[in-house]
Amino acid sequence: MSESTPLVLGIETSCDETGVGIVHGTELLVDAVASSVEEHARFGGVVPEVASRAHLEAMVPTIERACREAGVALADLDGIAVTSGPGLAGALMVGVASAKALSLALGVPLYGVNHLASHVAVDIVEHGPLPEPTMALLVSGGHSSLLLVPDVTHDIRSLGASIDDAAGEAFDKVARVLGLPFPGGPHIDRAAQVGQITIDFPRGLTSGRDMERHRFDFSFSGLKTAVSRWVEQQQRDGRDLPVADVAASFQEAVVDVLTRKAVLACTEHDVAALQVGGGVAANSRLRAMAQERCEAAGIALRVPRPGLCTDNGAMVASLGAQMMLKARPVSALDLPADSSMPVTDVQSGLPVTVDHDHPH
Ligand code: KG4
Ligand code: ZN
């Protein structure tokens, strides 16, 4: 492949999806995903050891499937990218070890990348180059973050995050209270479509004082408790549970806060584009309200298609390709799997820069 348009394979194993994607520059060739979500369903959440084992079993077949579907031989690849964090330690290790082996065997550069940065970079294969800067709202089962992104390959700043449950986690927990299966987000979304917003649930961290101290942070545990109390009261009163109405009212409270703070972050930081990513970005009400509020504020909204919002390998390949296109340094082969990798570290395995004037 030509040097100017790198062919990159990306591997994602931070949670329960074994994702292998191949990107040619900014063009997505394939996005192969094997999910172990069904193995976790009866536990009501992802079981780390089960996820790691599933990655180990799925890794080679998923790489083979990706190459076959893209019509790409491993020898054609110009680079390998892998999620090195944040995520489940054992799960990350499977992806990182596989990526190192591929990089070493093929003699191509390796890029250890941040999972959250990858969620932002995936939109490049869908909607073209990211405006610089872009504001990113990342909402999934593991994270709820507002990020200011001057350059997705090396400069990401965190404006705020959830101080308790992630947005998707709140969807999953409330779904359980309503007797809906795991993962609950899509079930709440569907139920809400036939429900009415009849209950005014609390909007966390939006009061005057909270907006001073936690301007771009989120909190969903109070909302989750409010829903549980409301449901318990109905049961005590011997009334039927209006599942669709509770789902619609809960969803409205989450989506209202997410979009309100995201638009405020854009206007206050003078950023003209908002990207929404992560599993919860598949939510139909979130997509509609973000569209409405961005339009009113003159902000360009970018939301990848739902399949690219949830965890996948294409997002990792997309970020790796950007790093190659922008001639970012290669990661060292001993790069770590870092379960608590900060979002501001876009890449792992970079040489430690020593300030010779101030060595300590
Ligand atoms: O990004 P993702 O696949 O994995 C993580 O990194 O967590 O996100 C999964 C989360 C789950 O909590 C799931 O309930 C939620 O995304 N989700 C949704 C919808 N589809 C998936 N939440 C609300 N509405 C949806 N339509
Ligand atoms: Zn994710």
May I ask you to decide if Val37's main-chain N or O and Ser35's side chain share a donor-acceptor pair within less than 3.5 Å?
yes
Quick check against the 3.5 Å criterion: does Thr62 have a side-chain atom that pairs as donor or acceptor with the backbone of Ala58?
yes
side-chain contact (heavy atoms from CB on, under 4.5 Å) partners of Thr225, counting only residues at least two apart
Arg229
Between the side chain of Asp311 and the main-chain N/O of Asp16, is any donor-acceptor distance below 3.5 Å?
no
So the ring-ring contact (aromatic ring centres under 6.0 Å, His included) pairs with at least one residue in residues 167-199 (sequence neighbours excluded) are Phe171-Phe250
Val108: what forms a side-chain contact (heavy atoms from CB on, under 4.5 Å) with it, not counting sequence neighbours?
Ile80, Leu106
Return yes if some donor-acceptor pair links the side-chain N/O of Ser331 with the main-chain N/O of Gly112 below 3.5 Å, else return no.
yes
Without swapping roles, check the side chain of Ser103 against the backbone of Ala99 for a donor-acceptor pair under 3.5 Å.
no
Which residue pairs pass the ring-ring contact (aromatic ring centres under 6.0 Å, His included) test with at least one member in residues 80-123, sequence neighbours excluded?
His115-His119, His115-His143, His119-His143
Side chain Arg203, main chain Phe201, donor-acceptor under 3.5 Å:
yes
Does Asn114 use its side chain to pair, donor to acceptor, with the backbone of Asp345 at less than 3.5 Å?
yes
Common cluster, Val96/Val8, ILVMFWY with side-chain heavy-atom separation under 4.5 Å
no
Spell out, as yes or no, whether a donor-acceptor pair under 3.5 Å connects the side chain of Arg302 to the backbone of Glu126.
no
Is it true that Met211 and Phe220 fall in one hydrophobic cluster, defined by side-chain heavy atoms closer than 4.5 Å?
yes
Could you see if Leu350 belongs to whatever hydrophobic cluster contains Leu335? Use Ile, Leu, Val, Met, Phe, Trp, Tyr and a side-chain cutoff under 4.5 Å.
no
Sorted by chain and residue number, the salt bridge (charged side-chain N to carboxylate O under 4.0 Å, His left out) partners of Arg68 (sequence neighbours excluded) come out as none
Using the side-chain contact (heavy atoms from CB on, under 4.5 Å) criterion, which residues pair with Asp217? Sequence neighbours excluded.
Ile163, Leu205, His214
Met315 with Leu137, same ILVMFWY side-chain cluster at under 4.5 Å:
no
So, Asp237 side chain and Arg239 main chain: donor-acceptor pair closer than 3.5 Å or not?
no
Please answer whether the main-chain N or O of Thr198 pairs with a side-chain N or O of Ser249 as donor and acceptor at a distance below 3.5 Å.
yes
Is it the case that one hydrophobic cluster holds both Val254 and Val276, taking links as side-chain heavy atoms less than 4.5 Å apart, direct or via other members?
yes
